[in-house]
Each structure stands twice: as structure tokens, then as C-alpha cells.
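Chain letters run A, B, ... following the sequence lines, proteins first and then strands; every chain starts at 1.
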Amino acid sequence: MFKNLVIVESPAKAKTIEKFLGKDYKVMSSYGHIRDLNKKKFSIDIDHGFAPIYEIPDDKKQLVAELKKAVKSAEIVWLASDEDREGEAIAWHLCEVLGLDPATTRRIVFHEITKNAIEEAISHPRAIDLNRVDAQQARRVLDRIVGFELSPVLWKKIKPALSAGRVQSVAVRLIVERENEIKAFRSESYYRVNATFLDKGGAPVKAELSRRISDKDSAVKLLDDCAHASFSVKSVNVRPVTKSPAPPFTTSTLQQEASRKLGFSVTQTMMVAQKLYEAGYITYMRTDSLNLSSLALGAIASEITGKLGERYLKTRQYHTHSKGAQEAHEAIRPTDISSSSISASIQEQRLYSLIWKRTIASQMSDAEIEKTTVEIQPSTRDEHFTATGEVINFDGFLKVYIEGNDDDADETDGDLLPAMTAGDTLEASAVTATERFTQQPPRYTEASLVKKMEELGIGRPSTYAPTISTIQARDYVEKGEKEGSERKYNVISLDGGNITDKVKKEVVGSEKGKLIPTDIGVVVNDFLTRYFPSILDYDFTARMEEKFDDIAEGNLAWNKEIAMFYELFHPDVDSALNMRLEHKVGERVLGVDPHGKQVSVKIGRYGPLVQIGDGDGDEKPQFASLLKGQSVSTITLEEALKLFEFPRNLGTYEGSEVTVAIGKYGPYIKHEGKFVSIPKDMAPAAITLEEAEELIKAKRSAESKRVVKTFDEDPEVQILNGPYGPYISCRKSNYKIPRTVTSPEALTIDECRKIMEEQNAAPKKSARKYTKKK
DNA sequence: CAGTGAGCGAGCTTCCGCTTGACTT
């Protein structure tokens with residue numbers, strides 16, 4: 001028996017605040033939402049005011065039972081879910097399910113987990129805000145309608161099991177449109193001219209010409225002019241600049257910075273952050289707030305003054321400018337700022353250190369920098385050279401943390417310049433014109449896509465990472481694997497009066513980890529933007545958010561707004577479903593084959609394919625899948641016809657046939673009933689018998705390493721090497737080697753038998769379904 | 001692991017936002 005029951009969203013939070021509240025309070029967690037629409041059914045009663053039909057999912061039933069029991073034995077129930085739209089709805093669902101009265105149940109909120117904030121919240125309970133709950137219901141119902149009406153259109157018109165939604169479809173659109181910009185981009189070359197001058201004392205001054213030179217002839221001419229010029233200082237300009245620190249982390253900026261500085265994927269960042277949160281090292285990691293609690297501000301201030309001195313402190317409160325931010329939590333910060341490092345896994349330490357530095361820096365003074373610009377005039381030309389130098393007079397926050405940058409800028413200013421005054425003469429020791437190329441727009445990375453999504457207000461901190469996984473799982477987008485390629489460029493130098501011309505090489509255009517649309521992504525996007533332009537509009541979410549705000553204010557009725565939307569949206573769905581097109585969506589006719597039959601490419605049930613014959617006559621068409629790296633939009637007739645040359649017989653090796661074929665998992669070589677995959681960088685159409693033999697040999701040697709140990713006593717028991725490390729195999733059954741075993745190769749047959757027995761005896765835990773791709 | 005894609009037919013797939021498990025032979 002206890003007096004008070006407090007329900008929060010997160011179990012880690014429950015643990016923390018239970019400590020603050022004392023023994024009269026029991027704190028439990030709802031683990032997020034406890035009710036939702038059915039996972040598979042539409043669950044919206046369109047004819048009755050779009051009433052949502054909620055249910056408690058199976059994996060929440062036990063939790064709900066426990067909450068019900070706790071409610072019975074409590075005198076007062078406090079609903080302390082987050083102070084945002086979803087939190088309000090969670091509180092309301094709790095009332096509905098637990099049989100509490102929304103009008104009288106005490107609803108409390110706190111933005112920070114401190115004793116003061118919690119006591120303050122307890123002393124100011126309010127009722128549930130039903131208008132805000134309605135805004136959440138509108139959001140939920142809208143997303144269900146869009147997702148569950150649009151996806152089936154794609155199943156019918158393009159390919160089964162595809163999906164569309166308010167957030168994911170716009171994310172895909174961003175990536176497809178960026179790719180289109182890149183395709184339309186034509187790189188141009190120009191010359192950048194750098195020079196090193198020497199002052200009277202022989203000190204070097206690095207400078208760059210104030211304008212770009214468009215072509216090689218002009219560059220040579222300029223260098224020639226410089227060879228016959230004298231140089232003098234035209235002007236010296238010194239001005240102070242200040243730099244301010246970046247605000248503390250939100251989910252989005254943490255994902256970006258962990259990607260730039262630690263090379264983490266957004267999922268990885270969130271997994272590591274979750275660990276840190278559960279261990280009590282950091283505050284909540286799914287947040288859009290820049291706010292730091294007053295307690296935290298005080299602790300950070302004393303940390304800075306104590307370690308670095310008063311001069312480095314500048315207390316700042318940041319305010320978010322993000323669209324749709326709901327600020328239910330604090331910014332992401334260490335819970336104990338006096339710990340600059342923690343003992344945990346390497347990844348956890350690195351992420352923690354990043355958060356610690358960013359948090360400290362956000363409360364530090366501006367850096368004070370003196371920027372010097374010197375203009376250097378050649379006697380033979382109108383344009384001048386510019387040298388810039390920086391002197392840091394006071395480092396401020398730079399002492400601790402510098403924010404990363406997405407574009408790989410190759411500017412280098414910040415050199416120290418020798419003292420110069422106008423009229424000084426300088427001597428040119430070297431002038432170099434380097435060929436450069438205008439840059440195509442950069443492809444999105446996971447992190448830069450999150451940044452863009454946040455700017456547009458689509459998605460929430462809890463969904464950035466899952467959305468990026470979804471669009472990859474649906475094969476709309478994939479991460480680039482191509483390393484960069486070599487490019488040649490000219491370097492023309494003037495050195496000691498002679499002009500020399502060299503060709504250098506650089507590696508550019510690496511696509512590793514960049515998001516690139518697939519054929520399916522492109523076709524789905526073209527289809528959706530054409531037939532559902534309003535949903536795919538970048539401002540759709542922002543406009544809906546305004547409606548939700550009005551609903552939350554009590555100025556609009558949620559189901560009327562949904563009805564208005566539905567009246568416009570649903571007819572578009574119907575007409576898209578029923579339209580008849582001459583060609584399948586995304587189909588492209590390449591021409592005719594030698595027999596005069598039509599050759600076309602399109603998206604089939606299993607992905608992109610080529611088809612010979614249009615199926616009009618009696619003859620059955622022929623099909624072949626496109627290879628990885630080939631695209632519906634760029635494949636030529638010739639390349640398409642080559643795909644029908646498989647399986648290809650290469651000849652014989654060790655007396656048996658060697659054939660090349662295209663399978664479900666890509667191109668492969670078949671020999672004596674064994675399959676050998678062909679690596680991505682080899683063209684299956686051009687592979688030779690010799691190359692195939694090499695691959696077969698390589699596969700055999702890998703195979704021989706697979707067996708770690710066999711036993712004379714029992715040939716059916718083997719220790720094998722698998723992707724997760726060594727394991728025991730016996731008659732098609734596999735057994736995990738316990739973690740306590742340090743050297744599996746030393747296991748005896750008896751030990752193996754014991755391990756197998758134990759695992760056979762152990763009740764097989766209800767095998768969780770693993771949604772494995774392919 | 002290693003084609004499958006029409007001409008039968010049924011049944012399945014799918015959204016966004018809150019939360020954490022239990023799981024890797």
C-alpha cells in the first residue's frame with residue numbers, strides 16, 4: 001500500500017525521480033504509448049467522425065495489468081508523461097485504460113529532472129488538456145490515412161510491400177531531387193592562383209589572387225605578368241572578430257556531430273546515447289530542446305570557473321528556431337558535468353566526451369580574434385592578391401570544442417602574418433595557378449538528411465533514425481559504396497622566373513556512405529509527386545502543424561479538419577487506383593531486339609527487370625533482372641540484351657563445366673554443384689575461365705578455414721567459424737559457445753556434448769521474429 | 001543461398017511517434 005502513484009514515460013526516468021520523491025511515492029513507467037490503432041487494420045471509422053479505434057497491443061497487456069493493480073492500491077495517481085502532444089495523449093490513454101477521470105486526475109509536467117522541478121510540479125497539478133489530446137489524435141489519424149491509403153496504391157501500380165507516408169516519402173524526395181541536381185550539374189574548371197611573397201626580412205606571406213582565372217591561357221599570361229612585376233602592399237586592414245560557441249546538443253545535432261567527428265551512423269549514435277542515458281550519465285537523448293536546467297547551468301558555471309577561470313565563463317540560454325519543436329525535455333547534457341570522462345565502452349566514452357565538451361563550450365566566452373587582410377598589388381596587373389591572417393587574442397570556447405563542418409572546405413586561412421604597412425615592397429618567391437573544378441551539390445549523408453528534415457519540420461527526434469532505416473529497408477535509397485575516382489588537374493608554377501606546367505592527380509567523388517536513390521525510389525517518387533503533389537510538398541507537414549496548433553488551442557475541431565483533408569485526398573487515391581496507363585509506371589521502351597521484338601525496362605515484382613516481347617501475341621515474354629549498378633533510367637539496349645546471355649558456359653575446369661549465371665543474390669559461378677559469388681567489381685559478362693578458376697580456388701581456401709575443429713570420437717560434431725564467431729555444429733543443428741569459453745579451439749568432445757545438452761534442455765525462448773531482409 | 005516476373009486465386013504487405021527489450025545460429 002502506498003499513497004501516491006506517479007506514471008512517467010521512461011523507466012530510467014522513473015528510477016531517478018523515485019529517489020527524489022521519497023517513500024510515499026511509487027513511480028512507474030508507461031514505456032511510451034500504451035494504446036494505438038491496430039497494426040494491420042485501418043482502424044478509423046470514417047463514417048463516424050473519423051473515430052479512431054484503439055487497442056492495447058499484446059506486448060503491453062501485462063504492463064497495463066500491472067498499472068491497473070497499482071492504481072487500485074494508490075490513493076492519488078499523478079500522470080507525469082512529457083509535456084508535448086504525444087505526452088498529453090499518453091496521459092489521456094492512461095486515464096481511459098486505467099479508469100481514471102481525465103477531469104480530476106492530477107496531470108503534472110516537468111522539463112528537467114531536479115528535486116525542485118519535481119516538487120514544483122507536484123504542487124501545481126492540472127487537468128488533462130483534451131484539446132491537445134485532440135491535436136495528437138488528428139496527427140495520428142492523418143498519418144494512418146495517408147500511410148494506409150497511399151501504400152496500397154503503390155502495391156497495385158508499382159510493386160507489392162512498398163510504403164508511403166507523410167515523412168518517409170518526403171525524405172526520399174529530398175534524396176531523389178538532389179540526385180537530379182547532380183545529374184544536371186556540369187563541372188567547370190577554373191584556376192586558383194596562390195603566391196608566396198617574401199618581405200624585406202625574408203618572412204613568407206601566403207596570398208591568393210582576388211579572382212578566379214577561367215582558363216589555362218589566361219593563367220599562363222598572369223604568371224608571365226607576375227614574372228615581370230614588382231609587388232607592393234596596397235592596404236592593411238585589421239579588424240576584430242568574435243566567434244560564439246554552438247548551442248548544446250539536441251538529437252539532430254548530436255547525430256550530425258557524431259557522424260562528422262566519430263563516424264557514427266544515426267542509429268549507432270542513438271544506441272550508444274541510450275546506453276549512456278540508462279546508466280545515468282546523460283539526460284534524455286530524444287529531444288529538440290536547447291534548454292539547460294538552472295541547476296545544470298550553475299554546475300557548468302562552477303566547472304568552468306574552477307578549471308579555467310572566471311574569464312572563460314559566459315552563461316547563455318539558447319532558444320530553438322526549429323520548426324515544430326515541442327521542447328518537452330532539456331538539451332542533451334551530462335548529468336554530472338564535473339565528470340569529464342566516464343568508465344564505459346570506447347564508443348560510450350567517445351560520445352560522452354563529445355557531449356561533455358559541447359555542453360561546457362556552450363557556456364563559455366566568445367573567442368576574440370584579430371583578422372588581418374593585406375592587399376598586395378602587382379605592378380603589371382589590375383587585380384591584386386589577398387593575404388589573410390588570424391591572431392587569436394582570447395581563445396574562449398575554442399579551448400574546449402569546435403563544431404564540425406559538413407563541406408570539406410579546403411581554405412586555409414589563419415596563418416600568422418608578419419607586420420606590414422602600406423607601400424612596403426615584397427618579392428614573389430613562387431606563384432602557382434592550380435586547376436580547380438566547380439563542385440556538384442553534395443549527396444546527403446544520414447546525418448545531413450536529418451538536418452534537412454529538421455529544417456523542414458518533418459519527423460521527430462524519436463523517428464529520425466527509424467525513418468532513415470525504413471527508406472533503406474524499402475529499397476528506395478541505398479548507401480553508396482563507390483570509392484572516389486582519379487582526376488587529373490593542371491598546376492602551372494612560376495618559380496625563379498620560369499613557368500613550368502605539371503599534371504597532378506587527385507581522388508574525388510567518393511560516394512561511401514552517401515544516400516543514393518535506387519530505381520524503385522526514383523519511380524515511386526516520380527509517381528507520388530505527380531499524383532499526390534500536396535502530400536509530397538515540402539511544406540505539407542508545416543501547414544498541418546499549424547492546424548494541429550489551432551486544434552490544441554481549441555479553435556478547430558480535429559475531426560472536421562481531418563474530414564476536409566479526406567475529401568480532397570481520397571478521390572485522388574481512388575482515381576490513381578483506377579487509372580489505366582499504356583505503360584506500367586516507370587516503364588521505358590529501349591527499342592527492339594534482332595527479331596524485332598520490343599525491349600523494355602521497368603520495376604517488376606522483385607525489382608528492376610528487362611522484358612523482351614510485349615506479351616500481345618501468343619509468345620511469352622522473356623525476363624531478366626538488372627544487375628547491381630545498372631539502372632532503369634540509364635541502361636542501353638545493348639546492355640539490356642546482354643543480360644539474356646546467361647547462363648554462360650566458360651569451359652571446363654578439373655573436368656567439369658564452369659558456368660556463369662545471375663541468381664537471386666547476384667551473379668555467381670557454378671562448378672561441380674558449388675556456387676561461388678562474383679565480386680561486385682567484376683563484370684559477369686566479361687569474366688574469363690582463368691578468373692573463374694581463381695575465384696573457385698579462393699572460395700575453397702576460405703572454406704577450409706571454416707572448420708575450426710573436428711573430433712575423431714564423433715565426426716558429426718564440428719566447431720565451425722561463422723559470421724558471429726565460432727559455434728558448434730551437429731547434424732544441422734547449431735549451438736552457441738558460452739561466453740565463458742575463451743578458446744573454443746581447445747574444447748573437448750565432452751565439453752561440446754555438455755554445451756549441446758544444456759542448450760537442448762533449455763526451453764526454447766519464444767523465437768522472436770526477425771525481420772530479415774532478403 | 002543461387003529465378004522468380006502472364007494468362008488461375010487468396011492472402012499478405014503499409015503509416016508516425018512514444019518507449020524499451022531480448023536476440024543473434
Any donor-acceptor N/O pair, Arg648(A) side chain to Ala685(A) backbone, under 3.5 Å: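 It does hold such a pair.
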Polar side-chain atom of Arg107(A) near backbone of Asp129(A) as donor-acceptor pair, under 3.5 Å: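 No, Arg107(A) side chain to Asp129(A) backbone: no donor-acceptor pair under 3.5 Å.
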Any [X] side-chain N or O less than 4.0 Å from OP1/OP2 of [N]:
X: Ser462(A); N: dC18(B); result: yes
X: Arg166(A); N: dG17(B); result: yes
X: Ser10(A); N: dT19(B); result: no
X: Arg286(A); N: dT20(B); result: yes
X: Tyr464(A); N: dG17(B); result: no
X: Arg460(A); N: dC16(B); result: no

Lys60(A) vs Gly663(A), nearer the 5' end of DNA chain B by closest nucleotide: Gly663(A)
5' priority, DNA chain B, between Gly165(A) and Gln274(A) [closest heavy atom]: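 Residue closer to the 5' terminus by nearest nucleotide: Gly165(A).
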Which is true for [X] with a 4.0 Å heavy-atom rule: it touches a base, it touches only sugar-phosphate, or it touches nothing?
X: Gly673(A); answer: nothing
X: Asp82(A); answer: sugar-phosphate
X: Ala14(A); answer: nothing
X: Val167(A); answer: sugar-phosphate
X: Gly666(A); answer: base
X: Ser625(A); answer: base

Length of the line joining [X]:[atom1] and [N]:[atom2], which is rounded to integer Å:
X: Ile34(A); N: dT19(B); atom1: CD1; atom2: P; result: 15 Å
X: Ile612(A); N: dG5(B); atom1: CD1; atom2: P; result: 16 Å
X: Met28(A); N: dC18(B); atom1: CE; atom2: P; result: 23 Å
X: Gln62(A); N: dG21(B); atom1: CD; atom2: P; result: 13 Å
X: Phe646(A); N: dT4(B); atom1: CZ; atom2: P; result: 16 Å
X: Tyr54(A); N: dC18(B); atom1: OH; atom2: P; result: 14 Å
X: His570(A); N: dC15(B); atom1: NE2; atom2: C1'; result: 17 Å
X: Leu37(A); N: dC18(B); atom1: CG; atom2: P; result: 15 Å

Qualifying residue for side chain to side chain donor-acceptor pair (under 3.5 Å) with His33(A), from Glu86(A), Arg140(A), His93(A): Glu86(A)
Over-ring placement of Arg166(A) relative to Phe540(A), 6.0 Å and 45° cut-offs: no
Cation-pi geometry met for Arg474(A) and Tyr476(A) (6.0 Å, 45°): no
Face-to-face stacking of Tyr606(A) with dT4(B), centres under 5.5 angstrom, angle under 30°: yes
N/O donor-acceptor pair, side chain Arg139(A) with base dC16(B), under 3.5 angstrom: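 Between dC16(B) and Arg139(A), which were checked side chain against base, a qualifying N/O pair under 3.5 Å is present.
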Gln255(A) side chain to Thr269(A) side chain, donor-acceptor N/O pair below 3.5 angstrom: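 Note: Gln255(A) and Thr269(A) side chains miss the donor-acceptor criterion.
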Flag side-chain contact, heavy atom, 4.5 Å: Lys452(A) against Glu455(A): yes
Plane angle bin for Tyr566(A) and Phe50(A) - parallel if under 30°, tilted between 30 and 60°, otherwise perpendicular: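 If you compare the ring of Phe50(A) with that of Tyr566(A), the planes turn out perpendicular.
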Whether Tyr54(A) and Trp92(A) hold their rings parallel, tilted or perpendicular, with breakpoints at 30° and 60°: perpendicular
Contact letters for nucleotides 9-14 of chain B, in which S counts primed atoms plus P, OP1 and OP2 and B counts the base, heavy atoms under 4.0 Å: ----BB
